[in-house]
Structures are given as C-alpha cells and as structure tokens.
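Data block below; observations after.
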Amino acid sequence: MRKDSFILPEGVIYLDGNSLGPLPAAAMQRLKSTVADEWGELLIRAWNKAGWMQMPARLGDRIAPLIGAPEGSVMVGDTLSIKVYQALDAALKLRPDRNVVLSDNGNFPSDLYMAEGLLKTIGRDIELRVVAPEAVADNVDEQVAVLMLTEADYRTGRLHDMAMLTRRAHEAGAVTIWDLAHTAGAMPIDVDGCSTEFAVGCTYKYLNGGPGAPAFIYVRPDIADSIDPGLSGWLGHAEPFAFDLEYRPAPATERMRVGTPPVLQMAVLDTALDVWEGLSMQDLRDRSITLSELFIKRVEKNCPQLKLMSPRDPQQRGSQVSFAFDHGYEVMQALIARGVIGDFRAPDMMRFGFTPLYLDEGDIKRAVAILTEIMDDEVWREPEYGRRSLVT
Ligand SMILES: *Cc1c(COP(=O)(O)O)cnc(C)c1O
C-alpha cells in the first residue's frame with residue numbers, strides 16, 4: 001500500500017515490522033536536516049524556533065487519530081515501560097480503597113515487571129493478580145483497582161476484546177490501562193469509544209519510528225486534569241521555566257511528560273507518521289488479514305511439521321502469526337540467512353508480522369516457498385543456525 005515509502009534491502013522479505021518497523025524513505029533526509037539545520041545552525045534556539053519543545057504534544061496529536069483518541073489527549077515521550085509505570089501509578093491513585101492489579105500471563109513481561117516494581121515502591125498492600133488470558137473477565141471483581149492488559153499477545157497475536165473487558169472493568173468500578181504496543185498502526189483502535197482511562201503504546205513497532213523511538217500515553221480527557229503524576233519531572237510542570245521549587249502539574253496529558261524529549265528520534269517519528277496520511281486503518285486491517293490468511297493456508301499445506309499458535313479466526317488475532325516447532329530457533333535463523341526476516345520467542349515460537357504497508361501477496365508466497373525448502377531439506381540442522389544471539 002505504501003511500499004515506496006520505505007527502504008528495504010534488496011532481496012529481503014521483512015516479516016518483523018511487529019518488532020521493529022523498517023526505515024521510512026524520508027527519514028534519513030529528515031534526520032540530516034534536523035541535525036544540520038536545527039541542532040547545527042540554531043543550537044539552543046531550536047527549542048523555540050524549530051518547535052522542539054512542542055514535539056511531544058504535536059506528535060501525540062498525530063498518533064491520536066490512529067488510536068481513536070481526541071486531539072490533546074496523547075503525549076509522546078520516554079519508553080513504553082516508563083509509560084506503563086506512569087499509567088499504573090496514576091490509575092492506582094484513582095482507586096485508593098482497592099487492592100488488586102489484574103493482568104494476564106500473555107502480557108509483555110516488562111509491563112508486569114514495572115507493575116511489580118511500582119507496587120513495591122508504593123508500599124501499600126496491593127496484589128498483582130496475573131491470570132490466564134481467557135480468565136480475565138471472570139477475575140474482574142470489586143477488589144480490582146486496575147485492569148492492565150496488552151491488547152494483542154506479543155507471542156501469538158491473540159486479541160483481547162478491548163471494548164468488552166473495559167466495560168466489564170468499569171461495571172466493577174475498576175480503572176483500565178490498555179497497552180497498544182502490538183495494535184497501534186496495525187488495526188483500527190477506538191480508545192475514545194471504549195472509554196478506557198489510560199492507553200499506552202510504542203512507536204518503533206508498527207509505527208516505524210526507529211529503534212528507541214519514544215512511546216505514547218493517552219489519558220481520558222475528563223480525568224486528565226485530576227490525575228496525580230508519579231514521575232513529576234520538570235517538563236510535566238505547569239511552568240517549567242518558572243523553576244519553582246514546588247511541583248505543579250501541567251494541564252491535562254501534558255503532565256505525563258517527564259524530562260527533555262529525544263528530539264532526533266522524534267524528528268524521525270514525525271517523518272514516519274507522514275506515511276499514515278490518507279490511509280484507512282480498516283483497509284490496512286483488511287489487507288493484513290488477506291496476507292496472514294494466505295500465509296497460514298500455505299504454511300499448513302506445505303509445512304505440516306509446524307503448529308499454528310495464533311488464533312485461526314483472523315478477527316481474534318492482531319497482525320502477526322506464530323508457528324511452533326521444536327527447532328523453531330534454527331528454522332528462523334535459516335530463514336533470515338535467506339532474506340526472510342521474522343523472529344523467535346522462547347521456547348519454540350516463530351513469529352511472522354504482516355504489515356501491508358510494504359508487503360504483498362508475492363512476498364508472502366516467496367516467504368512460504370523458502371520456508372518449505374528449509375523444512376523439506378532440513379536445512380535448519382546446519383550447526384551455524386543453532387548458535388544463539390542476544391536478541392532472538
Ligand atoms: C515492545 C513492548 C514493550 C517494550 O517496552 P520498552 O520500554 O519500549 O522497551 C513493553 N510492553 C509491550 C506490551 C510491548 O509490546
């Protein structure tokens with residue numbers, strides 16, 4: 001749908017945009033001009049003259065329509081783990097009389113680690129209750145202060161029903177936090193429609209902001225002015241340059257800013273967001289389903305050794321498909337050596353992401369043909385494919 005907007009190496013079929021999006025074609029020029037013309041020429045004047053200081057809010061406003069959020073409700077900055085911490089801290093303060101944070105074991109470990117760390121710091125006796133994904137709805141009770149979930153499971157792409165679970169949580173009086181890391185930029189999302197109090201996500205996966213690109217946080221506008229930010233840094237202050245010794249939060253979501261924004265990363269992200277102009281999320285989603293269905297059909301026909309781990313119903317999964325195989329790690333290394341790039345998650349899961357911005361049916365068919373060859377000839381048995389790297 002936007003193949004010309006990206007630079008991909010010759011001969012590579014990139015099925016890992018769910019982990020790190022590829023390089024937008026305009027990013028290098030943008031980075032160069034931000035470095036040379038803004039940093040190089042304007043120096044510190046660029047905070048005012050090049051609009052650096054407003055970037056977190058301006059980029060938030062560009063992400064907002066992609067997740068169904070109103071203008072002014074999304075702020076960009078920090079990493080996703082930090083945004084999870086901020087959201088959970090603020091959410092818990094909204095329910096001081098309750099003592100359970102409910103999440104599931106399909107959540108990304110960092111989200112659970114951040115929750116663990118925060119609960120220790122708070123010192124209040126709050127339980128982190130981690131249940132199976134299918135048991136979440138039944139575990140929402142009157143003790144639950146916060147329901148904290150990731151919409152798409154990072155391993156299998158299994159989707160939670162965000163609208164239903166948010167409703168369920170609200171009926172029980174709980175606050176909700178949705179992590180959109182694996183859905184923002186992959187499918188339509190309606191944070192406003194489902195009324196969640198908080199949503200967070202990252203921009204280096206489907207949004208193609210580049211390695212280390214900052215995260216985003218959404219706070220529902222009707223409560224944004226009353227939340228108490230736990231990471232009360234100077235740029236979330238009402239008047240950072242008054243240099244008051246006491247903290248006063250900035251209006252609304254602006255208070256979720258912490259410190260100095262990573263300007264170079266934000267410049268690249270700004271360019272990456274141009275790709276979405278005029279694109280329908282529903283069209284993108286429909287194309288992604290077409291591609292993943294084609295992939296599943298062909299893999300199951302040609303590689304019966306592999307076991308589908310993702311939901312078979314495309315409406316129940318995000319934009320990725322996972323297959324399990326005992327030697328999945330080795331198979332993935334053999335694929336990567338042949339230009340088909342996916343990734344691997346322990347213990348045995350091969351992940352393939354489908355991003356119709358730069359993938360088409362021809363790519364999928366070629367990828368499956370290469371996979372079939374690797375399985376038929378047992379190419380993965382070559383010792384070089386067994387060596388484990390730090391990042392899998
Ligand atoms: C990718 C991902 C993260 C990563 O967090 P960072 O702080 O950006 O490294 C966290 N949570 C989820 C659900 C993710 O998918």
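Order of appearance sets the numbers: ligands from 1, and atoms from 1 within every ligand. A quick note: this is a predicted structure, and the numbers were derived from the prediction, not measured.
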Worksheet item: Going by the order shown, which atoms of ligand 1 are within less than 4.0 Å of some heavy atom of H182?
Response: 15 (O)
Worksheet item: Does atom CD1 of I44 have more than 12 heavy-atom neighbours, drawn from other residues, nucleotides or ligands, at distances under 6.0 Å?
Response: no
Practice prompt. Please say whether more than 12 non-hydrogen atoms of neighbouring residues, nucleotides or ligands are located less than 6.0 Å from CE in M164.
Written response: yes
Worksheet item: Is the side chain of T271 donor-acceptor paired with the backbone N or O of A27 at a distance under 3.5 Å, no angle test?
Response: no
Worksheet item: Relative to the heavy atoms of T150, which atoms of ligand 1 are at a distance of less than 4.0 Å?
Response: 13 (C)
Worksheet entry | Element-labelled atoms of ligand 1 that are located less than 4.0 Å from some non-hydrogen atom of A181 | 12 (C), 13 (C), 14 (C), 15 (O)
Worksheet item: Counting only N and O atoms by type, is there a donor-acceptor contact under 3.5 Å from the side chain of R351 to the main-chain atoms of S322?
Response: no
Fill in: Among L80, L20, T79, T183, closest by any non-hydrogen atom to atom 10 (C) of ligand 1
L80
Discussion item. Checking a contact table here: which protein heavy atom is nearest atom 7 (O) of ligand 1, and how many Å away?
Written reply: S81 OG, 2.6 Å
Worksheet item: Between Y329 and W380, does the ring centre distance come in under 6.0 Å?
Response: no
Practice prompt. Give the atoms of ligand 1, by number and element, whose distance to some non-hydrogen atom of D179 is under 4.0 Å.
Written response: 11 (N), 12 (C), 13 (C)
Worksheet entry | Residue, atom name and distance, where the atom is the protein heavy atom closest to atom 11 (N) of ligand 1 | D111 OD1, 2.7 Å
Worksheet entry | Nearest non-hydrogen partners of A163 and C194, listed with the distance | CA-CB, 4.0 Å
Practice prompt. Mark yes when over 12 heavy atoms from residues, nucleotides or ligands other than W47 sit less than 6.0 Å from its CH2; otherwise mark no.
Written response: yes
Worksheet item: Can a non-hydrogen atom of K205 be found less than 4.0 Å from any atom of ligand 1?
Response: yes
Discussion item. Give the atom numbers and elements of ligand 1 that come within less than 4.0 Å of a heavy atom of Y204.
Written reply: 1 (C), 4 (C), 5 (O), 6 (P), 8 (O), 9 (O)
